[in-house]
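What follows is a short report on a single structure.
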Amino acid sequence: EKKKITQSKDVYELFQPIIGDLSHEEFWILLLNRSNKIVEKIKISQGGVTGTVIDVKIILKHAIDKLASSVILCHNHPSGNKNPSSADDNITSKLKNSATLMDIQILDHIIIADKEYYSYADEGKL
């Protein structure tokens, strides 16, 4: 049975054990079907203490290859600060605009900082 994502906390609970206490940044995506059930979770990149490289084409290729209806973005902030940087805002906007052309929704971008998280959707920034 594929797990259904109904809220940002579901994503946090899925990824916190994986990236919540790392000393470096990792960027992951969650591919979902029309029913918001998980098709696959994929690590896109692993970086340093202050950032990682995110390639829009690679993310969209994964989504298209798996025929995903929507994508949730997720990465960690090893600093413990859950607030998004301007680079986080820029990549979120760029991915949302690019995915729209392919009829793929970016449902959320979750930033995990140890035991707390930030959700672009919850904050009305998507």
Side-chain angles (χ1 to χ4, degrees):
E1 181 71 19
K2 294 179 180 177
K3 180 174 173 49
K4 184 173 183 171
I5 301 298
T6 60
Q7 59 184 335
S8 61
K9 189 174 185 210
D10 296 339
V11 181
Y12 169 76
E13 288 173 351
L14 180 68
F15 281 110
Q16 199 286 330
I18 299 169
I19 62 174
D21 57 1
L22 295 178
S23 59
H24 61 275
E25 272 197 27
E26 289 188 2
F27 195 96
W28 289 69
I29 59 171
L30 208 52
L31 303 177
L32 305 173
N33 67 15
R34 273 270 179 244
S35 302
N36 286 349
K37 290 187 178 177
I38 298 171
V39 174
E40 191 170 349
K41 69 176 187 266
I42 302 167
K43 179 163 72 167
I44 297 299
S45 65
Q46 179 175 320
V49 174
T50 59
T52 189
V53 176
I54 298 125
D55 189 322
V56 172
K57 291 182 292 295
I58 290 173
I59 291 171
L60 292 180
K61 181 185 182 318
H62 283 297
I64 291 165
D65 285 349
K66 294 293 182 175
L67 300 176
S69 295
S70 55
V71 178
I72 295 176
L73 314 169
C74 186
H75 79 281
N76 64 317
H77 279 179
S79 67
N81 178 0
K82 70 176 183 173
N83 295 318
S85 66
S86 60
D88 294 335
D89 290 344
N90 291 339
I91 196 65
T92 303
S93 176
K94 191 174 179 180
L95 273 160
K96 182 180 179 190
N97 293 336
S98 301
T100 299
L101 294 172
M102 305 303 294
D103 199 27
I104 299 168
Q105 276 189 295
I106 302 295
L107 295 182
D108 205 347
H109 184 169
I110 305 289
I111 299 170
I112 296 177
D114 196 27
K115 301 290 183 212
E116 56 183 358
Y117 70 97
Y118 180 95
S119 162
Y120 275 77
D122 292 354
E123 297 297 326
K125 290 184 72 176
L126 267 179

Would you compute the distance between atom CD of Glu13 and atom NZ of Lys3 and round it to the nearest 0.5 angstrom?
7.0 Å
Close side-chain approach of Cys74 to Ile112, heavy-atom, < 4.5 Å:
yes
Under the side chain to side chain donor-acceptor pair (under 3.5 Å) rule, collect the residues that match up with Lys61, sequence neighbours excluded.
Asp65
Considering only heavy atoms from C-beta outward, does the side chain of Thr6 approach that of Asn36 to under 4.5 Å?
no
In one Ile/Leu/Val/Met/Phe/Trp/Tyr side-chain cluster, 4.5 Å: Leu30, Ile58
no
With rounding to the nearest 0.5 angstrom, report the CG to CD distance, Asn83 to Glu123.
8.5 Å
In this structure, would Val11 and Ile42 fall into the same cluster of hydrophobic residues linked by side-chain contacts under 4.5 Å?
no
Give me the other members of the hydrophobic cluster that Leu67 sits in, counting Ile, Leu, Val, Met, Phe, Trp and Tyr linked by side-chain heavy atoms under 4.5 Å, directly or via other members.
none
Might you confirm whether atom NZ of Lys41 has over 12 heavy atoms from other residues, nucleotides or ligands at distances under 6.0 Å?
no
Non-hydrogen atoms of Pro78 and Leu22 that approach each other most closely
CB-O, 3.7 Å
Leu32 vs Val39, side-chain contact (heavy atoms from CB on, under 4.5 Å): CA-CA, chis, key distance, verdict:
CA-CA 5 Å; Leu32 305 173; Val39 174; 5.6 Å; no
Judged by atom type as modelled, is there a donor-acceptor pair below 3.5 Å linking the side chain of Asn76 to the main-chain atoms of His24?
yes
Between Thr92 and Asp89, do the side chains contain an N or O donor and an N or O acceptor separated by less than 3.5 Å?
no
Closest heavy-atom pair and its distance - Glu26, Ile19
OE1-CG2, 3.6 Å
Applying side chain to side chain contact (heavy atoms under 4.5 Å, CB included) to Ala121 and not counting sequence neighbours gives Asp108, Ser119, Leu126
Separation between CD1 of Ile110 and CG of Leu73, rounded to the nearest 0.5 Å
9.0 Å
Of all the heavy-atom pairs spanning Ile104 and Ala68, show the shortest one and how long it is.
CG1-O, 3.9 Å
Of all heavy-atom pairs linking Glu116 and Gly80, the shortest is OE2-O, 4.0 Å
Under the ring-ring contact (aromatic ring centres under 6.0 Å, His included) test, residues paired with His75 that sit two or more places apart:
Phe27, His77, His109
In terms of hydrophobic clusters joined by side-chain contacts under 4.5 Å, are Ile38 and Ile18 together?
yes
In residues 44-52, what donor-acceptor pairs under 3.5 Å come from side-chain atoms, sequence neighbours left out?
| unit_1 | atom_1 | unit_2 | atom_2 | d |
| --- | --- | --- | --- | --- |
| Ser45 | OG | Thr52 | OG1 | 2.9 |
| Ser45 | OG | Val53 | O | 2.7 |
| Gln46 | OE1 | Lys43 | NZ | 2.9 |
| Thr52 | OG1 | Gly47 | N | 3.2 |

Enumerate the residue pairs fulfilling ring-ring contact (aromatic ring centres under 6.0 Å, His included) with a member in residues 28-73, sequence neighbours excluded, ordered by first and then second residue.
Phe15-Trp28
Between OG1 on residue Thr100 and CG on residue Leu95, distance to nearest 0.5 Å
10.0 Å
Looking only at heavy atoms, what is the nearest atom pair of Asn33 and Ser35, with distance?
OD1-N, 2.8 Å
Can you check side chain to side chain donor-acceptor pair (under 3.5 Å) on Ser85 and Asp88, steps first, answer last?
CA-CA 5 Å; Ser85 66; Asp88 294 335; 3.3 Å; yes
Can you tell me how far the CD1 atom of Ile59 sits from the CD1 atom of Ile91, to the nearest 0.5 Å?
6.5 Å
Report the distance from atom CD1 of Ile5 to atom CG of Leu107, rounding to the nearest 0.5 Å.
10.0 Å
Only one of Tyr117, Tyr120, Tyr118 passes side chain to side chain donor-acceptor pair (under 3.5 Å) with Ser8; say which it is.
Tyr117
